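These notes concern the structure reproduced below.
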Number of protein chains: 2
Amino acid sequence: MPNKPKAFDIVRAHIEERILDGSLDIGDTLAAERELATEFGVSRGAVREAIRALEAQGVVESSVGAGATGGTRIIRARTRALTRLLRLHVALADGRLREVVELRVALERSSATLAAASVTPEALETMRTLLAKMRGEGVDIETFNRLDTDFHVAIARAADNTLVTDLTIAVRESLRAPILVAEQGLSSGEYADFRGMLCEQHEGIFAALEAGDGEDAAQRIETHIRAAYSALPVLTAAPE
Amino acid sequence: MPNKPKAFDIVRAHIEERILDGSLDIGDTLAAERELATEFGVSRGAVREAIRALEAQGVVESSVGAGATGGTRIIRARTRALTRLLRLHVALADGRLREVVELRVALERSSATLAAASVTPEALETMRTLLAKMRGEGVDIETFNRLDTDFHVAIARAADNTLVTDLTIAVRESLRAPILVAEQGLSSGEYADFRGMLCEQHEGIFAALEAGDGEDAAQRIETHIRAAYSALPVLTAAPE
DNA sequence: ACACTCGAAATGGTCAAACCATTGACGTAG
DNA sequence: CTACGTCAATGGTTTGACCATTTCGAGTGT
């Protein structure tokens with residue numbers, strides 16, 4: 001005899017099933033917690049635990065109140081859910097930075113290849129602006145990192161793939177804190193050189209995208225990512 | 001004044017923080033639910049909701065009983081968490097199969113490239129066995145799909161990257177049900193041709209890996225993935 | 001001294017019953 | 001017709017209880 005199924009797992013499984021078979025779609029509202037409880041023959045607490053699990057997966061959202069605003073709805077909060085999940089697992093990975101870097105290379109090579117073929121003038125303009133800001137004076141570390149992230153995300157968006165974009169954001173965000181710590185460990189001169197290298201490489205990637213050369217863009221972005229991480233070897237430690 | 005923070009979110013955030021800063025690591029046991037409740041000044045129900053969220057993220061696991069066996073522990077259940085999350089979001093994606101295919105291409109090109117450089121004789125032997133079974137007589141659709149998945153996962157494992165492997169599994173698993181439906185929509189002859197094509201391409205990929213030609217392996221696996229999906233165009237619909 | 005048994009204690013799992021705060025809907029007074 | 005107020009429905013939260021499972025140790029019998 002297998003384990004007795006948990007009440008909250010029954011509820012979670014039922015709702016997941018209804019999402020998978022399409023009978024629940026984005027925007028739909030679930031029955032009220034009290035109704036779900038009687039429907040499944042469990043307590044309201046069990047229903048709430050199931051909803052918390054689904055919420056962590058980024059597929060539902062709850063809000064109080066009567067009428068249309070209140071209740072639990074099906075949503076798509078994939079970016080948030082993936083980011084949180086990946087961030088925790090990167091923290092637990094314990095010295096597997098290599099794997100994360102390899103994933104970033106895979107994702108961003110793909111984005112660069114596709115973006116080179118379909119990037120719009122507007123997207124190029126956005127990137128150009130970001131590159132200019134990164135070259136600006138008086139840009140502190142955190143701002144620079146944000147601009148850097150935005151540039152990479154802009155490439156992913158130009159590839160017109162929300163899934164890869166979300167993963168790119170999640171990977172990047174998972175490493176934000178440790179990267180910041182590693183950069184702060186550099187001397188002022190080392191950091192200036194590092195930043196200069198990043199800007200130069202970014203501009204090379206941009207030129208390749210503008211020229212529509214996907215293979216060149218992919219190669220450049222791979223080199224860029226590997227260069228950035230090998231310049232910050234302290235990343236393996238990364239406490240607090 | 002922003003929204004009043006939810007009790008369960010406070011607890012979740014605290015525990016996540018302790019994972020991120022390294023003070024909680026895999027194998028560690030959390031305080032008992034009743035203790036956490038008093039510690040954070042919330043009810044036990046709120047603590048349980050937080051734990052359910054963390055459980056959905058694949059970082060904790062609970063079991064009953066006194067002593068060392070009972071309690072809530074930090075674990076790494078990344079494969080399960082990623083698979084569930086991605087499966088739900090693929091179901092909600094609504095005609096964005098293209099994005100999933102593109103992600104698969106990115107992941108598996110990376111795996112093929114790396115695997116070609118470092119694959120072990122044992123891993124090659126595993127792959128060879130899978131290929132032989134796929135060529136066998138009397139293999140039903142579901143079994144074939146399982147073998148197919150195993151072959152692709154074997155390549156990811158050979159690339160020695162657990163993160164990419166988990167994502168490969170998650171992507172594949174997210175499409176398992178819809179793929180099965182699509183295949184069952186093919187005529188007997190069409191399906192036989194389809195299967196033959198997959199086997200042939202698998203064998204080509206294997207040969208490239210065995211020869212240590214990463215670029216060839218990557219190109220072949222990309223062609224393989226794209227060919228498989230364009231042979232199953234029904235995938236966009238895919239209701240229950 | 002040892003082995004066995006049984007119960008106490010600690011754990012998560014579950015339920016029931018309340019109360020609160022927020023929000024929209026509806027009816028009513030002006 | 002508008003404005004206001006009441007009411008009902010929602011999720012958020014707490015309290016308190018009980019159950020099933022599991023360990024650990026005290027007690028007991030040999």
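So you know, we letter chains A, B, ... as the sequences are listed, proteins then strands, and number each from 1. The model shown is predicted, which means the values in this text are computed figures rather than measured ones.
- Not a single donor-acceptor pair under 3.5 Å links the side chain of A/D9 to the backbone N or O of A/K6.
- One finds a salt bridge joining A/E16 and A/R12 here, because a Lys/Arg side-chain nitrogen approaches an Asp/Glu carboxylate oxygen to under 4.0 Å.
- If you take CZ of B/R73 and P of D/dT22, they are 12 Å apart, rounded to a whole angstrom.
- Under 4.0 Å is where a charged nitrogen must lie from a carboxylate oxygen, and between B/R226 and B/E102 at least one such pair does.
- Nucleic acid contact class of B/E35 (heavy atoms, under 4.0 Å, all strands): sugar-phosphate only.
- B/E173 is not listed as a side-chain neighbour of B/L86, based on a closest heavy-atom distance of 4.5 Å or more.
- The aromatic rings of A/F151 and A/H202 lie tilted to each other, with the angle between the two planes from 30° to 60°.
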Worksheet entry | Reading 5' to 3' through nucleotides 12-21 of chain C, protein heavy-atom contacts under 4.0 Å coded B for base, S for sugar-phosphate only, - for none | BBBB--BB--
